[in-house]
**Q** 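Here it is: the structure, laid out below.
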Amino acid sequence: MSQTIPHTQLPTEPEISCSTCAACCCQLEVMLFGDEDVPQRFIDTDQWGSEVMRRLDDNWCAALDRNSMRCTIYEVRPLICREFELGAAECLEERQGIAQAYR
Ligand code: SF4
Ligand code: SF4
């Protein structure tokens with residue numbers, strides 16, 4: 001008589017999660033479309049006069065907590081940040097880019 005051995009299927013790839021990522025997408029330029037409640041101190045103007053999220057010298061968004069690597073204005077984060085999809089092509093590309101940068 002055959003017996004079924006209980007087992008757990010291991011994932012073939014490491015799980016894509018923001019907690020295993022150094023907020024890679026928060027280094028991208030984030031344009032604002034005037035409908036956000038983003039605090040003024042985090043807003044900059046680019047060379048074409050458009051409002052963008054301010055970035056600090058390390059290139060990450062000014063609203064990112066450097067210790068926790070979490071967004072400090074999550075509830076009122078810009079539309080672009082809300083629409084950035086975990087696991088989508090752009091997310092994978094950013095994660096890959098950072099991994100290469102630190103190699
Ligand atoms: S790049 Fe992807 S995994 Fe990394 S913080 Fe952004 S959404 Fe999360
Ligand atoms: S506003 Fe928040 S989610 Fe958007 S780039 Fe800045 S830290 Fe990241």
Side-chain angles (χ1 to χ4, degrees):
M1 191 172 94
S2 70
Q3 197 182 348
T4 307
I5 300 171
H7 69 285
T8 306
Q9 183 72 49
L10 291 174
T12 50
E13 304 255 329
E15 194 189 341
I16 305 292
S17 156
C18 295
S19 62
T20 60
C21 176
C24 305
C25 55
C26 300
Q27 288 192 331
L28 294 171
E29 177 157 295
V30 174
M31 288 196 70
L32 302 176
F33 296 102
D35 57 341
E36 295 92 357
D37 269 330
V38 174
Q40 196 62 39
R41 65 184 185 281
F42 294 133
I43 299 177
D44 224 345
T45 305
D46 70 10
Q47 55 182 311
W48 296 281
S50 302
E51 287 196 329
V52 293
M53 285 303 291
R54 193 158 69 83
R55 285 192 284 175
L56 303 185
D57 290 344
D58 61 10
N59 223 25
W60 267 284
C61 174
L64 184 75
D65 183 308
R66 274 24 181 200
N67 294 316
S68 64
M69 300 307 270
R70 287 172 182 269
C71 180
T72 59
I73 56 164
Y74 192 77
E75 295 303 321
V76 294
R77 68 196 188 285
L79 182 67
I80 285 189
C81 303
R82 291 171 191 276
E83 293 193 334
F84 197 90
E85 198 184 330
L86 171 69
E90 209 178 356
C91 160
L92 300 181
E93 197 178 308
E94 288 312 309
R95 289 172 62 100
Q96 181 75 8
I98 292 283
Q100 283 171 354
Y102 282 99
R103 201 167 283 161

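The structure presented is a predicted model; accordingly, all values stated were derived computationally and were not measured. Counting convention: from 1, in listed order, for ligands and their atoms alike. Quick note: numbers below take in every heavy atom, side chains included, and nothing from hydrogens, waters or symmetry partners.
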**Q** Find out whether Cys61 and Val30 are in side-chain contact, i.e. whether some heavy atom of one side chain is under 4.5 Å from a heavy atom of the other.
**A**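 SC-SC contact between Cys61 and Val30 ruled out.
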
**Q** So do the side chains of Glu29 and Asp46 get within less than 4.5 Å of each other, counting heavy atoms only?
**A**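 In contact.
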
**Q** What protein N/O/S atoms lie closer than 2.8 Å to atom 8 (Fe) of ligand 1?
**A**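 Near atom 8 (Fe) of ligand 1, below 2.8 Å, one finds Cys18 SG.
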
**Q** Quick one: does any side-chain atom of Arg41 pair with a main-chain N or O of Ala62 as donor and acceptor, under 3.5 Å?
**A**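 Here the side-chain-to-backbone pair does not exist.
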
**Q** Side-chain contact, heavy-atom cut-off 4.5 Å: Asp37 with Glu75?
**A**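 SC-SC contact between Asp37 and Glu75 ruled out.
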
**Q** Listing residue and atom name, which protein N/O/S atoms are closer to atom 6 (Fe) of ligand 2 than 2.8 Å?
**A**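 Sorted hits: Cys61 SG.
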
**Q** Determine whether a donor-acceptor pair (N or O, by modelled atom type, separation under 3.5 Å) exists between the side chain of Arg54 and the backbone of Val52.
**A**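 A pair under 3.5 Å: no.
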
**Q** I'd like to know if the side chain of Arg82 reaches the main chain of Arg77, judged simply by a donor and an acceptor atom lying under 3.5 Å from each other, with no hydrogens or angles considered.
**A**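 Checking the backbone N and O of Arg77 against the side chain of Arg82, a donor-acceptor pair under 3.5 Å is found.
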
**Q** Quick one: OG1 on Thr72 to CZ on Arg66, what's the gap to the nearest 0.5 Å?
**A**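 Interatomic distance, Thr72 OG1 to Arg66 CZ, rounded to 0.5 Å: 9.0 Å.
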
**Q** Are the side chain of Arg55 and the backbone N or O of Asp44 linked by a donor-acceptor pair below 3.5 Å?
**A**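 No, because the side chain of Arg55 does not come within donor-acceptor range (under 3.5 Å) of the backbone of Asp44.
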
**Q** When you measure from the side chain of Trp60 to the backbone N and O of Ala22, does any donor-acceptor pair fall under 3.5 Å?
**A**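 Between the backbone of Ala22 and the side chain of Trp60 there is a qualifying donor-acceptor contact (under 3.5 Å).
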
